[in-house]
Amino acid sequence: MIDRRRLLMSASAAAAFGGVAGQALAQTAPAAAASAGAGDAALNALMDKIFQEQLMSSPEFLTSLGLDKGPNAEAKARLDDRSQAKIDADKVKFRAAAAEAKAIDRDSLSPRSQVYHDTINYFADTVMMGYDFPYGGGFFPSPYTISQLGGSYQSVPDFLDSQHSIDTAADAEAYLSRLEQFGMAMDQETARMQAEFGAGAVPPDFVIDRATGQMDGILNTPTAELTLVRSVARRAEEKGIAGDWAARAERIAADSVMPALRRQRDTLFAQRPNATHDAGCWRLPDGDAYYAYGLRYYTTTDMSGEDIHRMGLEQVAELSSRADALLKAQGLSQGSVGARIRELSKDQRYVYPNTDAAKEELLADLNTQMRAVEARMPEYFGRLPKSPVEVRRVPKDIEAGAPGGYYQSPALDGSRPGAYYINLRDTAEWPKWTLPTLTYHEATPGHHFQIALQQENDAAPMLMKVLGFSAYSEGWGLYAEQLADEIGMYENDPLGQIGYLQSLMFRAARLVVDSGLHHKRWSREQGIRDMVETLGDQESAVTTEVERYAVWPGQASSYKVGHSEWVRLREEAKAALGDRFDIKGFHDTGLEAGGVPLTVLERVIKDWQAGVA
């Protein structure tokens, strides 16, 4: 999956519509279209304004893009304003900017600009659906400001460690400045969380337990050993930057950060007696409507919970049948598909020891797999990413509640490579035959290919380099897995192909469980049981998955919905074009569009198809 910060890219772009006006930022203007429309200049100016104002209002976003340098260096010393007042102000400005975008006549735009116009309008209309709810005050569907996946308590330490670069003493000072603001950021979120409680949005008891458990792990860590403290000291030492960085960071953490975290932890835990065990958002005020909003936002379709559930059941059945044939070919014929996969996953021949040394070996093996698939890509893509990609371990501080794997985009200026993170809390969750598929999904030709190419597209306005939709991106990630199979990456690796099918089954099962929790009103335990029985996965891994679905309604459905659309569009183009179909043309056209809703992607591919025909 895409990391939470990348998921928040679209939220940041939402805030951009109402960002704080300020100093204009230098950027490269998009290449002129072959035949510009009369309205193109107005749309380009609006998109530039949105992007520039976003950078001025979100210093963390600026750092994520690697643009916190030169005239924007002061932003490197600030964290985002997480107050409700800031969110409310952004909403007012968002509505105004959305109206400005809608007022631009679509018929006056060139075809390329029509893609941008349709994308922005869809995004604006969907985001504003969320304004109707008195909880989940951010710009993407999650009813709870604080959870095991949401909140600066777990995102800021990782952000500072992995994205705040330290090359000079000024960078280290900026780090400490951000650290000093961290306590205020948590207090702002605590206030928002309390307002959500008043609106009837108390997280389920298991979410409270998971989140406060993660907080307790941080609070019980000696301050000197916190990643927040060690990161600045370690990296300053590596660069030969003199200074008492560790002691200063430890003092800030002890005086400001840890007390704010304690206040947040205690405020959340105080709601434990009021929490229910129900996992779905149906129990919230207007909860059914909230799930419909989540599905529209994440899948970029009008599919209902019932549609999602039916699709999931059908695809689980079809994929299970394919996996059954492969398992039988390996002599595994007894029991359900899930039971046989479970037995295969327990075979110690395919499990790395749960030691630090073995985990380093696992990371090295992933890098080898990544280089192998990269060598094949020129056969299938006309454009290749310039940015490299690395494999990294999910930080130990957050691995207990973090997803199994996620991708982090490169910096726009090339100063930071792309990276995909794998959660190594327990190597038993990653049998060797599951790992190639993870590489193809998260890195090449999956998320890294799609996102790096989007960011490196010189013809696109800056806003379109960063705006994204889960169905497009996660659908591409699954399509990349399928492409790897089609080009022979599992040749002579039947167990790897079983891992690939299990991955698709996993995403199909997500459709069933996401809609099960939020539409069918399943319990957390029913969701866990269904996935374990279907997939044969470790219960520990499945549990964190199901708990994730509880706090991000609809997001888990975006994967398979998006994948099905990518495949449908390709197969329809193949059928229509016959010998004129060019796989490089299909890939380059679909990825050149950037992150767009599936309805827009369909128009882009149909236009390409008509041009080829």
Below 30° counts as parallel, above 60° as perpendicular, anything between as tilted: where do the rings of Tyr406 and Tyr421 land?
parallel
If you measure only the distance, is there a donor-acceptor pair under 3.5 Å linking the side chains of Thr190 and Gln264?
yes
Here the pair of heavy atoms bringing Ser162 nearest to Arg416 is O-CD, 3.6 Å
Donor-acceptor pairs under 3.5 Å, side chain of residues 240-249 to any protein atom, not counting sequence neighbours: which ones?
from	atom 1	to	atom 2	distance (Å)
Trp245	NE1	Ile241	O	3.2
Trp245	NE1	Ala242	O	3.4
Arg248	NH1	Glu173	OE2	3.0
Arg248	NH2	Glu173	OE1	2.9

Would Tyr116 and Met47 count as a side-chain contact (heavy atoms from CB on, under 4.5 Å) if you check the C-alpha gap in whole Å, the side-chain angles of each, and the deciding distance to 0.1 Å?
CA-CA 9 Å; Tyr116 302 155; Met47 289 189 291; 3.6 Å; yes
Judged by atom type as modelled, is there a donor-acceptor pair below 3.5 Å linking the side chain of Gln454 to the main-chain atoms of Met464?
yes
To the nearest 0.5 Å, what is the distance between CG (Leu46) and CZ (Phe51)?
14.0 Å
Going through the distances and angles, do Ile146 and Thr267 end up as a side-chain contact (heavy atoms from CB on, under 4.5 Å)?
CA-CA 11 Å; Ile146 302 299; Thr267 301; over 6 Å; no
Contacts satisfying ring-ring contact (aromatic ring centres under 6.0 Å, His included) that involve residues 167-194 (not counting sequence neighbours) are His164-Tyr175
Quick one, Asp365 and Leu435 - any side-chain contact, counting heavy atoms below 4.5 Å?
no
In Å and rounded to the nearest 0.5 Å, what is the OH to OG1 distance from Tyr122 to Thr300?
5.0 Å
Ile87 side chain reached by Arg192 side chain, heavy atoms, under 4.5 Å:
yes
Heavy-atom side-chain proximity of Leu463 to Ile120 below 4.5 angstrom
yes
Could you check whether Tyr153 and Gln214, counting side-chain N and O atoms only, form a donor-acceptor pair closer than 3.5 Å?
yes
Among Asp80, Asp90, Asp81, find the one that has a side-chain hydrogen bond (donor to acceptor under 3.5 Å, both in side chains) with Ser58.
Asp80
For His447 against Gly477, the heavy-atom pair lying closest together:
CE1-CA, 4.3 Å
Return yes if some donor-acceptor pair links the side-chain N/O of Ser142 with the main-chain N/O of Val551 below 3.5 Å, else return no.
yes
Side chains of Pro59 and Leu79: closer than 4.5 Å at any heavy-atom pair?
no
Donor-acceptor pair, side chain of Thr427 and main chain of Tyr352, under 3.5 angstrom:
yes
I'd like to know if the side chain of Glu456 and the backbone of Lys386 have a donor-acceptor N/O pair within less than 3.5 Å.
yes
Can you give me every donor-acceptor pair (side chain of residues 355-363, partner residue at least two apart or in another chain, under 3.5 Å) with its distance?
from	atom 1	to	atom 2	distance (Å)
Thr355	OG1	Ala358	N	3.1
Lys359	NZ	Asn354	OD1	3.4
Lys359	NZ	Leu424	O	2.8

Strictly distance-based, threshold 3.5 Å: is any side-chain N or O of Lys76 a donor or acceptor partner for the main-chain N or O of Ser165?
yes
Apply side-chain contact (heavy atoms from CB on, under 4.5 Å) to the pair Lys49 and Glu100, showing each step before the final yes or no.
CA-CA 12 Å; Lys49 182 179 75 170; Glu100 187 177 347; 3.4 Å; yes
Geometric class of the His441/Tyr559 ring pair [parallel <30°, tilted 30-60°, perpendicular >60°]
parallel
Got a donor-acceptor contact below 3.5 angstrom from the Gln369 side chain to the Thr439 backbone?
no
Could you please spell out the steps behind the side-chain contact (heavy atoms from CB on, under 4.5 Å) verdict for Arg383 and Leu591?
CA-CA 9 Å; Arg383 287 182 63 221; Leu591 294 181; 5.7 Å; no
4.5 Å side-chain heavy-atom contact, Thr145 and Tyr135:
no
Side chain proximity check, Gln408 to Gln163, heavy atoms < 4.5 angstrom
yes
Take Thr223 and Glu250 through the side-chain hydrogen bond (donor to acceptor under 3.5 Å, both in side chains) test and state the conclusion after the steps.
CA-CA 6 Å; Thr223 309; Glu250 185 176 356; 5.2 Å; no
Can you tell me how the ring of Phe140 sits relative to the ring of Trp552, calling it parallel under 30°, perpendicular over 60° and tilted otherwise?
perpendicular
His448 side chain to Ser387 backbone, donor-acceptor under 3.5 Å:
yes
Closest heavy-atom contact between Gly66 and Ala411?
CA-CB, 3.8 Å
Say you draw a straight line from CZ of Arg178 to CD of Gln181; how long is it, rounded to the nearest 0.5 Å?
8.0 Å
Of all heavy-atom pairs linking Ala484 and Tyr440, the shortest is CB-CD1, 3.4 Å
Can you tell me how far apart CG (Asn44) and CE (Met462) are? Round to the nearest 0.5 Å.
13.5 Å
Would you indicate whether Gln84, at its atom CD, is surrounded by more than 12 heavy atoms from other residues, nucleotides or ligands within a distance under 6.0 Å?
yes
If I compare all heavy atoms of Ser558 with all of Ser470, which pair ends up nearest, and what's the gap?
OG-OG, 2.7 Å
Donor-acceptor pair, side chain of Gln154 and main chain of Leu149, under 3.5 angstrom:
yes
Arg112 and Ala459 have their tightest heavy-atom pair at NH1-CB, 3.7 Å
Set of side-chain contact (heavy atoms from CB on, under 4.5 Å) partners for Asp216, sequence neighbours left out
Leu219, Asn220, Arg265
Under the side-chain hydrogen bond (donor to acceptor under 3.5 Å, both in side chains) test, which residues partner Ser231, sequence neighbours left out?
Asp161, Arg235
Is Trp476 reaching over with its side chain to a backbone N or O of Pro445, donor-acceptor style, under 3.5 angstrom?
yes
Between atom CE of Met128 and atom CZ of Phe123, what is the distance when rounded to the nearest 0.5 Å?
10.5 Å
Checking salt bridge (charged side-chain N to carboxylate O under 4.0 Å, His left out) for the pair Glu237/Arg234: CA distance, chi angles, key distance, verdict?
CA-CA 5 Å; Glu237 182 179 3; Arg234 182 192 76 248; over 6 Å; no
Report yes or no: does Asn457 contribute a side-chain atom to a donor-acceptor pair with the main-chain N or O of Leu453 at less than 3.5 Å?
no
Partner residues of Asp167 under the salt bridge (charged side-chain N to carboxylate O under 4.0 Å, His left out) criterion, sequence neighbours left out
Lys239
Phe269 side, atom CZ; Arg262 side, atom CZ - distance, nearest 0.5 Å
11.0 Å
Sidechain N-carboxylate O distance under 4.0 Å for Arg548, Glu545
yes
